[in-house]
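Structure record follows, encoded as structure tokens.
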Amino acid sequence: MVPKMLMNIQTQSSIISYVSCLTQMSLFTIFGCMDYMILTAMAYDRFVAICHPLHYLVIMNPHLCGYLILVSFLFSLLESQLHILMILQITDFKNVEISSFFCDPSQLLNLSCTDILSNNIVHYILGAFYGLFPFSGIIFSYYKVVSSILRIPSTGGKYKAFSTCGSHLAVVCLLLGTGFGVYLRSTVSHSSGKGAVASVMYTVVTPMLNPFIYSLRNRDIKGALRRLHSRNA
């Protein structure tokens with residue numbers, strides 16, 4: 001999406017073909033949903049690491065990790081195919097405009113002039129299954145994590161335990177805060193201003209910040225940031 005956006009800015013053109021749009025939407029749905037599923041699996045990993053540290057290597061073995069990745073991919077592929085089937089029901093895609101810089105499934109579904117109710121129902125069902133259920137798993141995992149951290153007697157132990165979750169928690173808040181906002185707003189409103197800004201946040205800004213956020217656990221990065229802060233101060 002980002003190379004296509006940069007090319008559109010360079011050529012002053014915002015045209016995309018029907019096949020390219022469906023391909024872009026399919027890849028966006030697969031990798032976006034898989035990212036969300038893997039974040040849920042990472043929340044479970046943090047739960048096991050903090051709540052059951054002595055059994056961590058036994059529970060989070062390579063076979064389970066591979067199984068979680070495979071399940072994440074299959075569920076993401078299923079969601080992508082369901083969105084494609086809904087979009088294929090819209091027959092007239094010639095000379096249409098969407099208020100986004102990429103082929104957002106939510107924006108494409110709003111182009112349908114017929115059977116809007118059924119599209120919204122399916123949209124809500126997919127949102128509940130692929131949104132609320134994994135989100136509930138993340139919330140439950142962190143509820144258990146926070147409960148375990150609060151039982152640690154020393155302040156240093158609490159900080160060390162929480163530092164293992166800080167990066168993941170920051171990415172979850174950044175991604176889901178903007179993603180849910182765009183997804184839910186598209187089902188109740190057709191306004192484009194704030195939705196376009198939020199789309200840029202979770203499709204461009206968040207992936208760019210992910211390496212930086214996760215690298216904050218690196219001691220060299222922390223030392224460099226402290227030196228930079230002390231120099232500016």
Side-chain angles (χ1 to χ4, degrees), residues 29-76 79 127-184 198-230:
T29 307
I30 290 175
F31 290 112
C33 181
M34 193 171 179
D35 189 15
Y36 186 25
M37 293 291 180
I38 290 178
L39 285 176
T40 306
M42 290 174 66
Y44 175 72
D45 174 82
R46 295 300 84 200
F47 160 72
V48 175
I50 294 177
C51 299
H52 306 283
L54 299 180
H55 299 89
Y56 177 79
L57 294 179
V58 177
I59 297 175
M60 297 303 298
N61 56 74
H63 295 288
L64 178 61
C65 294
Y67 176 75
L68 291 175
I69 294 176
L70 178 61
V71 170
S72 299
F73 173 74
L74 292 178
F75 273 105
S76 303
E79 186 192 24
F129 183 80
Y130 287 96
L132 295 181
F133 289 161
F135 183 70
S136 300
I138 294 175
I139 292 296
F140 178 78
S141 296
Y142 273 103
Y143 168 75
K144 291 293 186 180
V145 166
V146 172
S147 300
S148 298
I149 291 177
L150 292 178
R151 289 195 297 268
I152 298 176
S154 65
T155 304
K158 291 180 180 179
Y159 174 79
K160 185 177 180 180
F162 182 76
S163 65
T164 63
C165 308
S167 300
H168 174 258
L169 192 59
V171 173
V172 168
C173 294
L174 187 61
L175 178 66
L176 298 189
T178 53
F180 273 151
V182 172
Y183 194 88
L184 295 177
S199 297
V200 174
M201 282 294 297
Y202 79 85
T203 56
V204 180
V205 178
T206 300
M208 291 175 61
L209 289 178
N210 279 352
F212 175 75
I213 292 175
Y214 284 114
S215 67
L216 290 177
R217 293 187 60 192
N218 186 284
R219 294 182 179 178
D220 295 332
I221 297 295
K222 289 181 180 179
L225 291 176
R226 291 193 188 100
R227 290 192 297 270
L228 180 62
H229 177 71
S230 60

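These numbers come from a predicted model, not from an experiment. In what follows, every heavy atom counts, from backbone to side chain, and hydrogens, waters and symmetry copies are set aside.
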Heavy atoms of Asn61 and Val58 approach each other most closely as ND2-O, 2.9 Å
Could you report the tightest heavy-atom contact between Ile59 and Leu64, atom names first, then the distance?
O-CD2, 3.0 Å
Could you tell me which residues satisfy side-chain hydrogen bond (donor to acceptor under 3.5 Å, both in side chains) with Tyr142, sequence neighbours excluded, listed by chain and number?
His168
Listed by chain and number, what are the side chain to side chain contact (heavy atoms under 4.5 Å, CB included) partners of Ile149, not counting sequence neighbours?
Ile50, Val145, Lys158, Ala161, Phe162
Between Cys165 and Arg46, what is the shortest heavy-atom contact and its length?
SG-CB, 4.1 Å
Within the 4.5 Å heavy-atom criterion, are Tyr44 and Met60 side-chain neighbours or not?
yes
Please state whether the rings of His52 and His55 are parallel, tilted or perpendicular, taking 30° and 60° as the class boundaries.
perpendicular
Considering residues at least two apart in sequence or located in another chain, which fulfil the side chain to side chain contact (heavy atoms under 4.5 Å, CB included) criterion with Leu74?
Leu70
Test Tyr36 against Ile138 for side-chain contact (heavy atoms from CB on, under 4.5 Å), laying out the working first.
CA-CA 10 Å; Tyr36 186 25; Ile138 294 175; 4.2 Å; yes
The side chain to side chain contact (heavy atoms under 4.5 Å, CB included) partners of Ser136 (sequence neighbours excluded) come to none
How many angstroms lie between atom SG of Cys51 and atom NZ of Lys144, to the nearest 0.5 angstrom?
7.5 Å
In terms of heavy-atom contacts, Met37 and Ser72 come closest through CB-OG, 3.4 Å
Taken in chain and number order and not counting sequence neighbours, the residues that satisfy side chain to side chain contact (heavy atoms under 4.5 Å, CB included) with Val71 are Tyr67, Phe75
With Tyr56 via side-chain hydrogen bond (donor to acceptor under 3.5 Å, both in side chains) - residues at least two apart
Asp45
